[in-house]
2 protein chains.
Amino acid sequence: MISIATWNINSVRLRADQVERFLTQEAPDVLCLQEIKTAESLFPHDVFERLGYTHRAVHGQKGYHGVATVSRIPFREIGRHDWQDNGEARHVGVELIGPGQGLILENVYIPAGGDIPDRTVNAKFGQKLDFLERMTRWADKLDKPTLIVGDFNIAPLESDVYDHKALLKVVSHTPLEVETLQRFADAHGWVDLGRKHIPAPERNYSWWSYRSYWRQKDQGRRLDHMWASPDVAAQSLSHRFVEETRRWDQPSDHVPLVTELSL
Amino acid sequence: MISIATWNINSVRLRADQVERFLTQEAPDVLCLQEIKTAESLFPHDVFERLGYTHRAVHGQKGYHGVATVSRIPFREIGRHDWQDNGEARHVGVELIGPGQGLILENVYIPAGGDIPDRTVNAKFGQKLDFLERMTRWADKLDKPTLIVGDFNIAPLESDVYDHKALLKVVSHTPLEVETLQRFADAHGWVDLGRKHIPAPERNYSWWSYRSYWRQKDQGRRLDHMWASPDVAAQSLSHRFVEETRRWDQPSDHVPLVTELSL
DNA sequence: GCCCAAGAGG
DNA sequence: CCTCTTGGGC
């Protein structure tokens, strides 16, 4: 059995102590981080090394984006896609060696998409859709047991947001985004582990805005996901959201997700 | 007997808790702050109010400089000099009412003066000397019992720095600054309480640079001062530097000075 | 709101 | 090294 976690940490340097606390408490075998917001040279390798996460694939970028996969079990890095060829660090892929042998683990940070859900006036929204379309063409060719995790920046189901109707016009929950994400899902037959283990319409959020006081009112959205190839999904034992991190000092706006696979 | 303190706090909002700790521990009747680095509207009035410092004269400025005098005993504000008429908040004066009746308390933050001690290539150095010259003309006319305190940004004596010879060419200890400060002293006959109570060449520092690791090597300078009119100096009972604050978390680069007067 | 980067000022 | 501002991003 191996356990895998994903967490948009919103600056790994600022929250190195929180990552340490999480790893100490939950002890996942692998942790996928997004928005590390640092160049690889300033990544806090020592923290992970000390805790036994001696295998690391860090695709960093100064100030923005950036993803990292750290692991107690060996892996080999299989690539860093830059689907839009714009230099943004939004993906790193690894293949597990030893325990979980052969599992492909794709760590991705999909663009947020700006404020206005209209690609003619908001280039960032167009970039988000284009990113998903390029990922879809890529996923169509995947033929190995794969788990893709990360911050997708889309809450696809009605029960993935605190107010479905109100958010239909808000970037992250628009029909256009949801349809585009669905085409990505269909391209590989991805199984949404979050909803496999916590079926809709059960409350199931991973993100709360820093703006306003929504935190207190529980106005969250499920933007972070773990999706598995059908064969991998069949081996998934559990899935949970570690909401406790929201109560820590100066938390990330995202909480971690953890899943267990019988590999 | 009244006690008066001065402290360059280097952001009163960031260190409101440290100011509270200092006031709780030392309980001076009056505290003069420099480099509060905030507009008056964002000054943490509540902290002082709660501790009984209900009389406050805050001469704030957004982001830079700024001075404030807070007191448990009543005073009336007598003015805010802008000697160079450049809008910088570097002075506030008050006159005590009740205990210490009639004492004038001038709180001042003299410009640092930049890096190069040459007014032809460094306008900031010229501004510092000009500021002192304008203060000198002002001091020449003072005729009331006065205590002037604050960050003078000059260490006048050899024993006011960790290495006199090395610092002769460093802004804060150059002969030109020391002579200019001496003319200010002579203009009113100010008595340096720091050296009245802790005579040279005893070690007597109020500031340690954040840059480099001088803190550990005790490479300090005496940049903060409390100077009294001769009549007030005759009533000065004690004077000390509260170096303990340097060991607090994220300390200011300056430590507080406290003096007691038999008024 | 919170995070990053630059640049100024100390 | 530390703090502030502005401006971008989410």
Side-chain angles (χ1 to χ4, degrees), chain A residues 8-16 18 34-39 42 60-66 88-90 109-116 122-125 127-128 151-154 170-172 207-216 219 221 223-224 246 248-254, chain B residues 8-16 18 34-39 42 60-66 88-90 109-116 122-125 127-128 151-154 170-172 206-216 219 221 223-224 246 249-254:
Chain A
N8 178 317
I9 192 61
N10 191 12
S11 177
V12 71
R13 288 156 69 193
L14 199 70
R15 300 201 168 81
Q18 294 192 38
Q34 301 87 39
E35 279 208 88
I36 60 173
K37 287 189 173 176
T38 182
L42 296 176
Q61 180 177 338
K62 183 177 180 177
Y64 301 98
H65 323 308
E88 295 185 354
R90 295 184 175 277
Y109 173 49
I110 293 175
D115 288 329
I116 304 168
N122 172 18
K124 287 202 233 304
F125 191 69
Q127 189 214 339
K128 181 178 193 171
D151 178 2
F152 291 11
N153 269 312
I154 296 176
V170 174
V171 174
S172 73
W207 178 87
W208 291 259
S209 175
Y210 280 128
R211 308 175 223 192
S212 77
Y213 301 100
W214 290 0
R215 318 177 63 92
Q216 295 172 333
Q219 297 190 136
R221 308 181 205 172
L223 302 183
D224 300 270
R246 282 184 73 200
W248 296 354
D249 252 12
Q250 307 235 116
S252 168
D253 44 351
H254 297 253
Chain B
N8 178 317
I9 192 62
N10 191 14
S11 177
V12 71
R13 287 158 65 196
L14 198 69
R15 300 201 169 80
Q18 295 192 37
Q34 301 86 40
E35 280 207 90
I36 61 171
K37 288 189 171 174
T38 182
L42 296 176
Q61 181 176 339
K62 182 178 179 177
Y64 300 98
H65 325 308
E88 296 185 354
R90 296 183 173 278
Y109 173 49
I110 293 175
D115 288 329
I116 303 168
N122 171 18
K124 287 200 232 301
F125 191 70
Q127 188 213 342
K128 180 178 193 171
D151 178 2
F152 290 12
N153 269 313
I154 296 175
V170 174
V171 173
S172 72
S206 70
W207 177 88
W208 291 260
S209 176
Y210 281 127
R211 308 176 224 194
S212 76
Y213 302 100
W214 292 359
R215 320 176 63 93
Q216 294 172 331
Q219 297 189 137
R221 308 181 205 173
L223 302 183
D224 300 271
R246 280 183 74 202
D249 253 13
Q250 306 235 116
S252 167
D253 45 350
H254 297 253

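So you know, we letter chains A, B, ... as the sequences are listed, proteins then strands, and number each from 1. Both backbone and side-chain heavy atoms feed into the values below; hydrogens, waters and symmetry mates do not.
Shown here are the side-chain contact (heavy atoms from CB on, under 4.5 Å) partners of B/Ile116, two or more places apart in sequence or in another chain: B/Asp118, B/Val121, B/Asn122. Every residue was checked against the side-chain contact (heavy atoms from CB on, under 4.5 Å) condition with A/Asp115, not counting sequence neighbours, and none meets it. Listed by chain and number, the residues in a side-chain contact (heavy atoms from CB on, under 4.5 Å) with B/Ala39 are B/Ser41 (sequence neighbours excluded). With sequence neighbours excluded, no residue forms a salt bridge (charged side-chain N to carboxylate O under 4.0 Å, His left out) with A/Arg15. Residues satisfying the side-chain contact (heavy atoms from CB on, under 4.5 Å) test with A/Leu42, not counting sequence neighbours, are A/Arg13, A/Thr38.
Straight-line distance from the CD atom of B/Gln18 to the C1' atom of D/dT3: 13 Å, rounded to whole Å. Counting to the nearest Å, the C1' atom of D/dG9 and the NZ atom of A/Lys128 are 14 Å from each other. Rounded to an integer number of Å, the gap from CZ of A/Arg246 to C1' of C/dG1 is 14 Å. Between the CG atom of A/Asn122 and the P atom of D/dG9 there is a distance of 11 Å, rounded to whole Å. To the nearest angstrom, P of D/dC10 lies 14 Å from CZ of A/Arg221. Rounded to a whole Å, the CH2 atom of A/Trp248 is 18 Å from the P atom of C/dC2. One interatomic measurement links the two molecules: NE2 of A/His254 to C1' of C/dG1, which rounds to 13 Å at whole-angstrom precision.
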Any chance you could list the contact pattern along nucleotides 3-10 of chain C? Use B for base contacts, S for sugar-phosphate-only contacts and - for none, protein heavy atoms under 4.0 Å, 5' to 3'. SSSS--SB
Under the side-chain hydrogen bond (donor to acceptor under 3.5 Å, both in side chains) criterion, do B/Tyr64 and B/Glu88 qualify, and how do the steps go? CA-CA 8 Å; B/Tyr64 300 98; B/Glu88 296 185 354; over 6 Å; no
